[in-house]
Number of protein chains: 4
Amino acid sequence: MPRSQEQYDEIRKQKKQLILDTALELFAENGFHATSMSQVAKKAGVSKGLAYNYFESKQEILDEIIKTGFDSIYSHFDLNQDGILSRDEFEHFIRNSFKAIGENRKFWKLYSAIIMQSDIAESMMEKYGDRSQTIMQMLNQFIKNMGSKDPEGDLMVISSLVKGALLVVISAPAFFPVKQLENKTTEACFRLITTK
Amino acid sequence: MPRSQEQYDEIRKQKKQLILDTALELFAENGFHATSMSQVAKKAGVSKGLAYNYFESKQEILDEIIKTGFDSIYSHFDLNQDGILSRDEFEHFIRNSFKAIGENRKFWKLYSAIIMQSDIAESMMEKYGDRSQTIMQMLNQFIKNMGSKDPEGDLMVISSLVKGALLVVISAPAFFPVKQLENKTTEACFRLITTK
Amino acid sequence: MPRSQEQYDEIRKQKKQLILDTALELFAENGFHATSMSQVAKKAGVSKGLAYNYFESKQEILDEIIKTGFDSIYSHFDLNQDGILSRDEFEHFIRNSFKAIGENRKFWKLYSAIIMQSDIAESMMEKYGDRSQTIMQMLNQFIKNMGSKDPEGDLMVISSLVKGALLVVISAPAFFPVKQLENKTTEACFRLITTK
Amino acid sequence: MPRSQEQYDEIRKQKKQLILDTALELFAENGFHATSMSQVAKKAGVSKGLAYNYFESKQEILDEIIKTGFDSIYSHFDLNQDGILSRDEFEHFIRNSFKAIGENRKFWKLYSAIIMQSDIAESMMEKYGDRSQTIMQMLNQFIKNMGSKDPEGDLMVISSLVKGALLVVISAPAFFPVKQLENKTTEACFRLITTK
DNA sequence: AATGAATGAGACTTCATTCAT
DNA sequence: TATGAATGAAGTCTCATTCAT
């Protein structure tokens with residue numbers, strides 16, 4: 001008996017996700033350019049032709065991976081939608097970033113490698129630049145609210161610290177004391193706000 | 001009559017440097033794998049054949065670029081060779097790192113992109129891993145000497161901060177207030193050492 | 001619907017053989033190094049890419065050609081597997097060699113050219129040296145059994161004669177009286193055994 | 001003081017010979033196509049440019065090597081110029097061939113490899129075919145004079161034997177008992193002439 | 001939906017040859 | 001005479017993509 005439309009859709013969705021996951025794994029491990037579609041198809045257990053049935057091109061696979069990763073990050077960072085960052089929400093944001101990376105280090109390794117290359121970075125800026133700016137503005141406001149004498153400067157230092165710490169987590173070997181780094185970083189963020 | 005040995009040496013030296021500079025520019029901009037030798041040769045204004053007259057392979061060009069960049073950094077970090085880091089030397093190290101990156105941002109962009117790719121990163125670890133470790137040990141000792149209650153934790157946070165700040169400089173557009181970031185970062189480093 | 005496994009296997013088998021045959025022809029005619037993969041592909045009526053779909057490298061094509069040729073020769077030389085060469089078997093061996101060459105002169109021309117080149121010859125010695133030695137030992141025993149006063153010397157002369165005659169057949173133009181050479185050579189082999 | 005014309009000529013001659021010798025060595029060892037002009041020039045201790053000062057092309061070097069080798073063989077085979085081969089002259093011819101190969105095995109290895117390739121073989125046939133035929137006719141007459149019942153057949157067998165034996169010498173490792181092979185072959189030649 | 005044979009552009013690399021000096 | 005930097009065609013090989021089945 002033939003399958004229903006829903007079953008077909010479900011199959012399509014699963015196969016597509018399988019290809020995306022496999023591609024992410026290989027791209028992160030060996031780099032986008034050094035990974036061939038043959039490898040992706042083989043490791044995913046599908047034919048090359050099928051992969052092109054789901055995706056227009058290798059580049060489209062990458063785009064979709066990036067988009068999914070971004071969305072997952074920003075959805076975690078929801079902030080009760082009032083546009084204001086409380087102290088708890090800030091801490092939650094920091095800690096949640098560590099958690100997100102720990103849960104999907106492959107993606108972030110790939111992402112880190114990619115934003116270093118201008119051709120890819122540019123197209124990403126077009127797509128995600130706005131959202132990034134919104135976040136920075138909210139952080140700025142938060143630091144002001146905390147009584148900072150130099151909000152702009154503090155924001156630079158704090159975001160540098162967080163970026164650096166996350167980078168360490170991303171590239172660190174598995175046995176790195178991630179939890180300790182998370183604690184020390186969170187705590188340091190508050191200490192770095194220059195109160196009067 | 002053929003040219004003298006000196007003349008040939010001079011030609012070789014200049015052309016080799018031209019190719020290295022061109023390759024660095026393109027590698028940094030588009031990535032190592034996405035840059036072809038044809039592009040490098042064309043932009044450098046030489047034939048592909050000549051490029052292979054000076055370098056065994058594309059990989060060797062990359063290796064030479066990396067080696068030169070590393071050496072330039074570590075030579076700046078000389079520390080009067082006594083194996084101990086003074087307060088001034090530490091501050092000089094931080095500030096000099098900002099300066100080095102400002103002077104050769106292309107290289108550091110390339111370097112950052114490269115360490116994210118496992119295939120290339122491994123061979124670099126073999127070559128430069130030792131020197132990195134020495135530096136970390138000296139920093140650890142310095143933080144102890146400054147009276148830290150948690151040297152290991154502080155080192156993690158401080159090196160994260162510096163890494164993050166340098167990363168910001170590397171990927172930031174030209175108009176970023178680098179000097180301010182340098183000052184704030186340096187100052188923050190000292191503040192982050194947890195005294196008893 | 002995709003083709004069945006059998007259909008794919010059949011396609012692969014035929015295309016692979018086509019490429020092997022074409023390569024043998026060109027290698028034999030112009031030499032291995034002087035023949036390009038483009039020539040092979042063009043003459044076979046396939047793309048270069050397809051050729052590399054079937055063979056890892058140009059060298060692998062040569063290896064497969066050599067292996068096939070060798071196996072076909074040694075399979076003809078079965079000798080009822082008792083390890084002893086009778087008079088009839090000896091004669092059959094000589095005559096069969098002429099026959100084999102006549103049937104596949106291209107291969108033997110290629111083979112002759114190849115064993116003259118040290119780089120290729122070495123890897124062949126590793127693979128086929130053992131079997132050659134076994135044959136020489138059996139021939140030596142045969143000559144002894146025939147009552148030779150100087151088995152070692154006779155073996156040298158006889159194998160030289162056969163080699164030379166086969167070489168003549170290999171390089172001779174088509175109109176050469178091969179059958180006559182075969183008869184005379186076979187007969188001479190027996191006459192050359194120095195009886196007491 | 002400038003050198004005289006004779007001195008220049010002498011230098012030219014020596015340099016040219018040096019290049020020829022070096023090329024022969026490398027061609028014989030690695031094959032014509034697998035040897036580059038750079039290798040030849042480097043091993044000869046001259047520049048590439050100079051090599052092209054003496055020879056039009058790589059091919060011309062090969063041609064000259066072949067020509068020199070041939071001439072040296074045929075000059076040894078002088079036969080007192082009366083067009084008739086005596087018994088002693090025949091034996092001398094055989095033994096001299098072994099001697100010639102022993103003295104210049106490199107050349108003969110190269111030569112053997114080359115005649116297997118039709119493109120080169122053809123141009124050689126044009127140049128040296130006549131002389132070869134003359135020799136074959138003289139050998140034919142000699143065998144007749146020796147009382148052969150089947151001069152044509154005997155010639156085929158004898159020339160096969162000699163060719164095969166020489167081939168063995170050419171490709172044999174250094175420790176092969178060449179003198180024994182020479183003796184046995186010479187003796188066998190006479191025994192192979194089918195007397196009535 | 002699914003397969004993998006097939007293509008062709010383009011990657012890296014080599015090397016015979018030229019030429020300014 | 002002599003050099004070696006420089007060229008460009010050609011070689012080996014890879015891989016994203018297409019398409020008949």
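Quick note: numbers below take in every heavy atom, side chains included, and nothing from hydrogens, waters or symmetry partners. The chains referred to below are lettered A, B, ... by the order of the sequence lines, with proteins before strands, and numbering in each begins at 1.
Taking the six-membered ring where the residue is Trp, Y111(D) and F107(D) present parallel rings, their angle staying beneath 30° rather than reaching 60°.
One finds no side-chain N or O of Y54(B) lying less than 4.0 angstrom from the OP1 or OP2 phosphate oxygen of dA5(F).
Shown here for F32(D) and K58(D), the closest heavy-atom pair between the two residues is O-NZ, 3.0 Å.
Taking atom NE2 of residue H33(D) and atom P of nucleotide dA10(F), one finds them 15 Å apart after rounding to whole Å. Rounded to an integer number of Å, the gap from NZ of K42(D) to P of dT3(F) is 14 Å. Straight-line distance from the CE atom of M37(D) to the P atom of dA6(F): 20 Å, rounded to whole Å.
With dA1(E), dC12(E), dA16(E) as the candidates, the nucleotide lying closest to the side chain of R12(A) is dA1(E). With dT3(F), dA6(E), dA2(E) as the choices, the nucleotide that has an atom nearest any side-chain atom of V46(D) turns out to be dT3(F).
Taking 4.0 Å as the cut-off between side-chain N and carboxylate O, D71(C) and K67(C) count as a salt-bridged pair.
Between the K106(D) side chain and the D21(D) main chain, no donor and acceptor come within less than 3.5 Å of each other.
Backbone-only contact: I11(B) has heavy atoms under 4.0 Å from sugar-phosphate atoms and none from a base. No contact: F55(A) has no heavy atom under 4.0 Å from any strand.
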